[in-house]
Structure formats: C-alpha cells, structure tokens
Amino acid sequence: MMPISAFRIFFQTGAWAVLAFLVLPLLIVIPVSLTDTSFIGLPRDGLSLQHYENYLTDREWLSATWTSIWIGVVVASLATALGTAFSIGCWFLSNRASQIARWILIVPILVPPVVQALGFYRFWVQLGLIDTYAGVILAHTLLALPYVSISVFAALANLDRNIIRAARGLGASVWQTTLAVVTPAARPGMMTGFVFAFIVSFDEIVSVLFITVRGVTTLPKMIWEGIQENIDPTIAAVATLLVLLTLIATAIGALRRS
Amino acid sequence: MTHQMTEPILSIRNAVKRYGSLHALDHVDLDVAAGEFLTLLGPSGSGKTTLLSAIAGFVDLDDGRITLHASDITKAPPERREFGMVFQGYALFPTMTVRDNVAFPLKVRKRAASEIADRTKECLDLVQMGGFADRMPHQLSGGQQQRVALARAMSFKPQVLLLDEPLSALDKKLRADLQWELKSLHSQLGVTFIYVTHDQEEALSMSDRIVILKDGCIQQQGAPGDLYNRPRTTFVADFLGKSNFIDADITGRHSDILHCVAKGAAFDVQTDNVDEIGNKARLALRPERLRINKPGVELLAAKVSQVSYLGERCQVIVKHEGLGDLLVSCATWQTGIKPAPGLEVSIGWDQNACVVLAAD
C-alpha cells in the first residue's frame, strides 16, 4: 500500500475545496427554492413547494421555457447541419484556405459577447429582425456554429484520408462518399455538437437582451427580468429544476458510456 | 515475358506530371497486358505512387494519355474507371462492418440484395475472412484488415486491381504469407494486378513483370529473372539485389565475349554490347556469383575483412589488393572454409557472372 503522505493529504483536501467552491453556489438555490417566504431567502418556518407550483402553473414562465426549448432545438439542428457541412468540406479540401476558414469560424468564441451582441443589434435593425424569433434563431445559430464545427473536426481528425480514394475507386461519387462514408464517421462529433449548440442557445442572454423587446421572451431573459423587477423565489425553483435536469442528463450520459 | 503484348488492357502514353520544378512523371510510356501481375518498383520519390494515382484517377496528368481497352480515360473521374484499389493503410470504412465494407461497391452499383449477399460471402471466403463478416474493422488485426480490403476491392469484379504498397504496414512473417496468398489469388482470378512497392523482394517474388522507376522515368522493365540477371544500369543493379561494381578497361573482344582488365584482374564478359576496345566499362558482379575458397584454388587471392552470419547464408567482405572490398554471399554449408576476419582466401567466378552496365 502507498503511504499516506502529508503531501497527498494536502492536495486531496485542496482538490475537494476547489470542487466545493465550484458546486456550493449552485446548490444554494435548492434551499432557497423551498422557502416558505415570498421573497428570496432561506426557509423560515418550514419547507414549501409553493414556488414550484407557481412555476408550473404560471403561463408566462411556461411559455418562456417552451420558447427557449424550441428555439434551442431549431438552433441546434441548424448549427449541426451547417457546422457539419462546413467541417466535412474543410476536411475534404484540407488546404490552406480551409485552415483559414476554420479560424474565421471560431472567432465568435473569442469575441466578447457584448461586442457580438452589439454587432447583432446594429445589423438586425437594418434587416428588420429585431424582436423576432428568426432574429434570435439566426444569432444563436451563429454563436453555436463554432462549437459544432470544432467537435465535428475532432471526430474527423483521425479518419484516414485514403478512405475518400477508396470509396471513389470503388465506384462512389463524391456525394455518395460524403453521405455513406464520411458523415457516419462524423456522427459522434455531430451529436456532441448538437448538445453544445442547444446549451449555447438555451442559456444565451446577452444577445437576447440586445435584440428582443417584448415579442420574444426566453427563459434566461425571464429570470433576468424577474431578478430586476421583483425578487420572486420562483427563480430559485426554476434554477433548481435546471440543475436537476443537468445532473440527470449527465448521469445518463456517464452510465451509457460505462 | 510471360504475357504477350498483343492487346494491352491498359496503355499509358507520354505521361507527364510536374510538382513545381519536380518531374514526378517524366514522359512515361507503359503497356499492361490483360491478366498480368505488373509491379512498379522504385525508391520513394521515384514516381511509382504518382503513376498509380494517375491510373486510378486521383492525379491529373499535365500531359499524356491513359487508355483502358482502347477508350480514353485520361479525364474520367475515379468512380468511372472500375479499378479495385488496395491501400497501405487498408482504408476500410470505420463505421461499417466487414460485410458492409465488402458490399459497398455492389450497393453503390445498386445490385440486387441477393446478389450482394452471395458475392460478399464469396469474396470473404476467398480471403479466408468468412467468419469475420459481423466484426468492425478496428476489431481486426492488420493482416485481417488487409484481407478484407482485398475482398472489397474484388467484390465488383474489376478487371484491374491497383495495389499501393499493401503489405508495407505488416510485419515480416505476415508479409511473406500474404505474398503467397496474393500470388495465388492473382492466378485464381485472372485479374490484372498493378502493384506498387519499394520492396525489391516483394517485387521479385510475385511479379510477372517489374518496371523500375527512378526520378519519374522508367529505368528498365522485364521479368524478375531478366532484370536481376541482366541489369542495364548501376541503379538497377544496386536497387534490385546487391552488386559489386568494378570499373574496367576493355582490352579485347571475341565474338560476344568482351575482355576487360581492372587493376590486375581479368574479366571475360558475355555481352551484345558493342563498346570499343580502349573504352571504360562498368561491370556488376552479384555477391552470390562469387566463390570463396582456400588460398590458391580460385583466381584471385584476397583476405577476409568482415563476416556476417545470416543462418542459411553467410555474407563475407573480402579485400583484394587491386579491386578493394568485394561482397561475397555464400551458402554456409557449401564453403569448405570457415570465414573469419583476417583469413587468407581466394575468390573466383564463372565467365557469365559479370554484367556490363550502361553509363547512368
């Protein structure tokens, strides 16, 4: 057996402390969501599910949730289709121009969100896309594209380039080669990209605040406005549900992999 | 040559391919006979892979023409050429089972499902992979993957199979086994094989004809035995097997026998070469054509300087006063002597052992 050195205890404690620092602020929403008061705070006389009830019956909260979900799915689908096509195209070419194109596509990750949002705002005004679903979907698709293309590139990185030659030599056209040989190999990256794209859209707030007014309300925007206008603990209930949902999804993912 | 060139299945005329100032293919002409096992042999950068890629349709020629059955395919896309192709890295489709890999060319051609199933099974059985149909490529060893790749390349019954160093990634023993299998597959199927390799042993053991390339030009071509025994240039004599090179003066000619002298040693060489007396000639002498013996038995006295024991053979470097170091390769059981560094020996050769080379 390995001797337990002071060194090791020090680092293990340190690691757990960092982990706690990361997770505890997330977990604080759980007791707050169960509060029996009508403002944000810890439970006083007992636990209550009233704020969950409020969330699940309130038309505005539900509508904002639904909006975020369907926008997320549309964005994820669009970004996955476009990002995959882009990545496969670059993989086929794999020349200098495609290298440069890859870098340009990653720029949205590097630019500060506020700058990006300002850009969207100026542009969307001219295009008449302010306060429309199409405007939000377009902006989110642009933001999600780099994530899809990065994960598809990763999936294709180890694919033997000779399989294009093999497929074409065996009688497949470029199009058949792409569909039957390259796309299946890209599938793991596409799935990861889809999930990332959905998450990017689902919790994006900066651009939404810039390019929507009253017509479009997503869940993050609703939470943001809720905190500003009143301090309704329903926000904590929503946050708790989101944390739980994430935990469940992660657990399913981890179980399927093992 | 075993195959008569009455009607070549594939003809390449004046093929030119340049990469910048480099000539990957420099005016290459080549005819391939139906059913032939043709090997393109050369060191890296010799143009052999470029030539194969041009035949397959992956490289556009700058000049020249490729015809298949007398129809021009120079500009045809690869999928129209109907060649099976096998790669060094196997290039199996990673997301498909072995069965689907082999069925791929048939599915692309929209054959009937029953025909696809029959033909796929037939091809897998032919390469002894019938029991692996449901495996994924990554579950197979290199040799097994290459067998599947072969089955896939044959499944649509192409008339020509293009093989790009298919055995180079395998270990030595497996490579030797697969050489036999490829050879027997070739004679069973009657398909034309165009095989690219840098490995001279592979080329010698399998081919009907070897084409030796260097710097984008064909140096020499012929049956393995002809090439090995009658190399025309220093490059060929050195690349295909090993050779001792001797620069000699031509001193006389007697019908087809050329008399040469080099540093105290006389050589009689059988040749149809018409070099003039007084000219220089470069001779190649294969190590296994040299005999090593006790002092005084053979023509020249020499001294052993190094010995390398290889089991069935023994390679000995001997030093002759005038000719310098000579490599001798002899069967260990044949020599009456035990070569060791410092030992005095004599060396000799038969009259037809030497070959006169053209200037490079």
Side-chain angles (χ1 to χ4, degrees), chain A residues 80-81 83-99 148-195 256-258, chain B residues 49 52-59 76-97 100-111 120 123 136-138 145-146 148-158 160-166 169 194:
Chain A
T80 303
T84 303
F86 173 81
S87 307
I88 288 179
C90 284
W91 185 78
F92 260 94
L93 294 172
S94 80
N95 54 12
R96 204 164 160 69
S98 73
Q99 289 278 347
V148 176
S149 70
I150 286 172
S151 62
V152 173
F153 270 123
L156 292 177
N158 291 325
L159 193 61
D160 180 2
R161 306 198 57 82
N162 266 338
I163 73 162
I164 305 175
R165 290 182 163 205
R168 297 201 60 198
L170 294 167
S173 62
V174 176
W175 185 235
Q176 282 172 315
T177 306
T178 308
L179 283 186
V181 179
V182 184
T183 309
R187 191 167 293 145
M190 290 164 70
M191 303 221 284
T192 314
F194 186 92
V195 172
R256 274 187 52 182
R257 211 160 302 146
S258 63
Chain B
T49 302
L52 193 79
S53 300
I55 295 172
F58 300 123
V59 164
E79 62 266 29
R80 294 281 165 71
R81 300 194 181 196
E82 302 278 309
F83 296 137
M85 190 147 183
V86 180
F87 299 88
Q88 181 182 345
Y90 324 127
L92 294 178
F93 306 134
T95 54
M96 297 183 199
T97 61
D100 288 342
N101 262 283
V102 178
F104 181 82
L106 302 169
K107 283 182 182 161
V108 168
R109 286 172 177 75
K110 304 204 162 50
R111 300 280 168 79
T120 304
C123 287
M136 298 304 284
H138 67 87
Q145 288 192 46
Q146 199 54 292
V148 174
L150 262 171
R152 182 179 69 175
M154 313 184 299
S155 68
F156 62 105
K157 298 189 178 162
V160 180
L161 217 55
L162 309 177
L163 302 106
D164 188 4
E165 309 221 11
I194 302 180

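Since this is a predicted model, take the numbers as computed values, not measurements. Note on naming: letters A, B, ... go to the chains in the order of the sequence lines (proteins, then strands), and numbering restarts at 1 for each one.
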Practice task
Looking only at non-hydrogen atoms, find the nearest pair between B:R152 and A:A166 and report the distance.
Solution key: NH2-CB, 3.5 Å
Exercise for the section: Considering non-hydrogen atoms only, spot the tightest contact between B:P78 and A:R168 and give its length. Expected result: CD-NH2, 3.5 Å
Practice task
Can you see which heavy atom on A:A180 is nearest to which on B:F104, and at what distance?
Solution key: CB-CE1, 3.9 Å
Completion exercise
Residues passing the ring pair (Phe, Tyr, Trp, His ring centres under 6.0 Å) test with B:Y90, sequence neighbours excluded, are none
Handout entry: Heavy-atom proximity to chain A below 4.5 Å, by part of B:F87
Key = side chain
Handout entry: Part of B:L162 lying under 4.5 Å from any heavy atom of chain A
Key = neither
Handout entry: Interface moiety of B:R81 toward chain A, non-hydrogen atoms closer than 4.5 Å
Key = neither
Exercise for the section: Looking only at non-hydrogen atoms, find the nearest pair between B:T95 and A:V181 and report the distance. Expected result: OG1-O, 4.5 Å
Exercise for the section: Work out which heavy atom in B:R109 is nearest to a heavy atom in A:L170; give both atom names and the distance. Expected result: NH1-O, 2.7 Å
Handout entry: Intermediate values then yes/no, side chain to side chain contact (heavy atoms under 4.5 Å, CB included), B:V108 and A:Q176
Key = CA-CA 8 Å; B:V108 168; A:Q176 282 172 315; 3.6 Å; yes
Completion exercise
Residues of residues 155-165 of chain A with a heavy atom under 4.5 Å from any heavy atom of chain B, in residue-number order, are A:L159, A:D160, A:N162, A:I163, A:R165
